[in-house]
Chemist: 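Take this structure first; my questions come after.
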Amino acid sequence: MFILGLMGSPREKGNTDLLLSAFLEGAQGKGAEVMKVDVAFKHIAPCQGCRFCEQQGFCRLQDDDMGEMNYLLRRADVVALATPIFFYAPPAQIKALIDRSQALWARRYILKLADPKAPFRRGFLLAVGATKGKELFTGTNLIAKYFFDAIGARYEGFLGFRQMEAPGAIARHPTALADARKKGEELTGGLSRRRRALFLCRENACRSQMAEAFLQYHGGEQFDAQSAGDQPAPEVNPLAIEAMAEQGIDLAFRRPRGMDEIEDQGRPFDIVVQMGCEQSCPLTPSGRVEDWELEDPAGRPLEFMRTIRDAIEKRVKLLIKGDGPRR
Ligand SMILES: Cc1cc2nc3c(=O)[nH]c(=O)nc-3n(C[C@H](O)[C@H](O)[C@H](O)COP(=O)(O)O)c2cc1C
């Protein structure tokens, strides 16, 4: 499980920072891997409104940090958007990221491609402002709701704290940090009860990527799926992306991961599936280990990729039903 905190304030150790840190501590306490990204210091150019993404599914602007952000957004199980209120809205740099998520919106609503994690990803808003304004969080809440929808996350509500002006004022609030920690625990805790499954292949570019995505797509409420390879390729195989897109499943922005990047989460995997990797799982599985004898589609034509894709989908569905082959 990967929990992404988007830190919207440029003020280190300020109110937003403290609130987000408390949320992430709560999530970490439930075994999740957490990451805080200082969006205020990211180089993210504003959306040009050119509609390129509506045709191509990705942004024409490729030389800033948005590619990295798309990878992280797609990887996240929970996204916490933490922001101060600047003129009744989030600061410009956070808004630039939100506007640029239009490419993810276009993939979802125009190209009709399903992000495999969208059925279970959660989004939560943390906000602080200096005044008492009744409508202080109204606009930001709407922005957050539409942002979460675009990135394929279910909006789970918000915590907003008024009259927080001086840096660190939030630490003196009677419940704010405890409330944020509890929310982090709650949102992660719900997901941490899922069974853990790991798919391994050689390059983590085709077979194990497809298997992970299918398990997330068909059974993501029951299973927390991950994948890795013992010789990770530089990118997911474009033919695997194409073959999955034919089934409406989006592998865009995913990256091959090595064995050393497998999330530990402090508990063993319930299921490990090996597909031709030479090294076995470095973490001890508590449940079953399966070998799926599936030929490596790397370097083979799209037709062959489709055959492997379909075979993997069938096996994943059996795995969800719980009657896959045992060893
Ligand atoms: C440029 C700017 C605009 C602001 N606009 C508002 C505002 O419209 N309403 C409000 O209540 N506070 C406003 N504030 C105050 C901040 O929201 C407040 O100090 C907050 O606690 C800052 O959070 P931080 O410590 O995480 O940076 C503004 C602050 C700045 C720097």
Side-chain angles (χ1 to χ4, degrees), residues 2-29 32-47 64-66 68-69 72-73 76 78-101 122-148 150-151 153 155-188:
F2 176 62
I3 316 301
L4 177 64
L6 301 174
M7 214 304 249
S9 172
R11 200 151 73 169
E12 200 192 333
K13 302 265 180 276
N15 298 316
T16 312
D17 197 2
L18 293 176
L19 204 55
L20 179 58
S21 298
F23 180 96
L24 294 177
E25 267 167 38
Q28 206 167 22
E33 181 183 325
V34 303
M35 183 188 276
K36 180 167 70 180
V37 176
D38 283 307
V39 178
F41 300 107
K42 288 282 168 196
H43 172 45
I44 301 173
C47 172
D64 64 7
D65 293 329
M66 199 57 206
E68 179 66 19
M69 293 314 302
L72 294 172
L73 288 167
V78 176
V79 177
L81 172 63
T83 181
I85 303 297
F86 281 12
F87 288 88
Y88 274 76
Q93 203 56 38
I94 270 278
K95 189 59 168 51
L97 179 147
I98 292 172
D99 292 352
R100 290 282 297 282
S101 71
R122 276 99 159 114
F124 194 78
L125 171 67
L126 299 162
V128 288
T131 64
K132 286 189 192 168
K134 195 168 155 260
E135 303 287 355
L136 188 56
F137 303 117
T138 308
T140 300
N141 234 318
L142 273 173
I143 292 170
K145 280 182 192 171
Y146 285 102
F147 168 59
F148 288 137
I151 64 167
Y155 171 74
E156 292 280 350
F158 86 109
L159 284 174
F161 297 96
R162 293 176 171 80
Q163 294 181 277
M164 297 295 144
E165 183 146 31
I170 197 110
R172 293 185 291 279
H173 185 282
T175 63
L177 298 185
D179 292 349
R181 196 170 294 113
K182 194 162 159 241
K183 264 293 155 199
E185 277 169 15
E186 260 173 40
L187 289 180
T188 312

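Both counts, for ligands and for their atoms, begin at 1 and track the order of listing.
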Chemist: Hey, which atoms in ligand 1 end up nearer than 4.0 Å to a heavy atom of Pro84?
Modeler: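 So the answer, numbered in order with elements, is 22 (C), 23 (O).
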
Chemist: Numbering the atoms of ligand 1 from 1, which are under 4.0 Å from a heavy atom of Ser9?
Modeler: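 Selected atoms, number and element: 24 (P), 26 (O), 27 (O).
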
Chemist: To check your reading of the model: name the closest protein heavy atom to atom 26 (O) of ligand 1, its residue, and the distance in Å.
Modeler: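 Here the nearest protein heavy atom works out to Thr16 OG1, 2.5 Å.
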
Chemist: Taking OH in Tyr146 as the centre, count heavy atoms belonging to other residues, nucleotides or ligands within less than 6.0 Å. Is the count above 12?
Modeler: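 No, the 6.0 Å shell around OH holds no more than 12 heavy atoms from other groups.
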
Chemist: Would you mind checking which non-hydrogen protein atom is closest to atom 20 (C) of ligand 1, with the distance to 0.1 Å?
Modeler: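 Looking only at protein heavy atoms, the one closest to atom 20 (C) of ligand 1 is Met164 O, 3.4 Å.
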
Chemist: Sub-3.5 Å donor-acceptor pair from the side chain of Asp38 to the main-chain atoms of Ala40, do we have one?
Modeler: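 Pair absent, no side-chain N/O of Asp38 close to backbone of Ala40.
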
Chemist: If you have a sec, work out which protein heavy atom is nearest atom 22 (C) of ligand 1 and how many Å separate them, to one decimal?
Modeler: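 So the nearest neighbour among protein heavy atoms is Arg11 NH2, 3.5 Å.
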
Chemist: With heavy atoms of Glu165 as the reference, note each atom of ligand 1 found under 4.0 Å away.
Modeler: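 Per the distance check, 19 (O), 21 (O).
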
Chemist: NZ of Lys182: more than 12 outside heavy atoms within 6.0 angstrom?
Modeler: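 Not buried by this count: 12 neighbours or fewer within 6.0 Å.
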
Chemist: Would you check if the side chain of Asp65 reaches a backbone N or O of His43 as a donor-acceptor pair within less than 3.5 Å?
Modeler: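 Flag set: sc Asp65 to bb His43 pair under 3.5 Å.
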
Chemist: To check your reading of the model: name the closest protein heavy atom to atom 3 (C) of ligand 1, its residue, and the distance in Å.
Modeler: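 For this ligand atom, the closest protein heavy atom is Phe86 CA, 3.5 Å.
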
Chemist: Looking only at distances, please establish whether an N/O atom of ligand 1 is found under 3.5 Å from an N/O atom of Gly129.
Modeler: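 No - when backbone and side-chain N and O of Gly129 are compared with those of ligand 1, no distance drops under 3.5 Å.
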
Chemist: Verify, without hydrogens or angle tests, whether Arg162 (side chain) and Gly129 (backbone) share a donor-acceptor contact under 3.5 angstrom.
Modeler: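 No; judged by distance alone, with no hydrogens or angles, the pair does not exist.
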
Chemist: Other residues, nucleotides and ligands only: do more than 12 of their heavy atoms fall within 6.0 Å of CD on Glu12?
Modeler: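 Open.
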
Chemist: Between Gln28 (side chain only) and Glu33 (backbone N and O only), is there a donor and an acceptor less than 3.5 Å apart?
Modeler: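 Not a single qualifying donor-acceptor pair exists.
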
Chemist: Considering the heavy atoms of Gly14, write down every atom of ligand 1 situated less than 4.0 Å from one of them.
Modeler: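 Here the atoms of ligand 1 in question are 25 (O), 26 (O).
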
Chemist: What residue and atom, counting heavy atoms only, is the protein's closest point to atom 5 (N) of ligand 1, and at what distance?
Modeler: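 Answer, as residue, atom name and distance: Phe87 N, 2.8 Å.
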
Chemist: I'd like to check whether Ile85 has a polar contact with ligand 1, where a contact means an N/O of the residue lying under 3.5 Å from an N/O of the ligand.
Modeler: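 Yes, there is a polar N/O contact under 3.5 Å.
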
Chemist: Could you tell me, atom by atom, which parts of ligand 1 come under 4.0 Å of a heavy atom of Leu136?
Modeler: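 Those of ligand 1 that fall under 4.0 Å from Leu136 are 9 (N), 10 (C), 11 (O).
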
Chemist: For atom 15 (C) of ligand 1, find the nearest protein heavy atom and state the residue, atom name and distance (0.1 Å precision).
Modeler: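 Residue, atom and distance for the closest contact: Ala130 CB, 3.6 Å.
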
Chemist: Tabulate below the donor-acceptor pairs under 3.5 Å that side-chain atoms of residues 163-176 make, not counting sequence neighbours, or state none.
Modeler:
{"from": "His173", "atom 1": "ND1", "to": "Thr175", "atom 2": "N", "distance (Å)": "3.0"}
{"from": "His173", "atom 1": "ND1", "to": "Ala176", "atom 2": "N", "distance (Å)": "2.9"}
{"from": "Thr175", "atom 1": "OG1", "to": "Asp179", "atom 2": "OD2", "distance (Å)": "3.0"}

Chemist: Without swapping roles, check the side chain of Glu185 against the backbone of Gly29 for a donor-acceptor pair under 3.5 Å.
Modeler: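 Judged by distance alone, no pair lies under 3.5 Å.
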
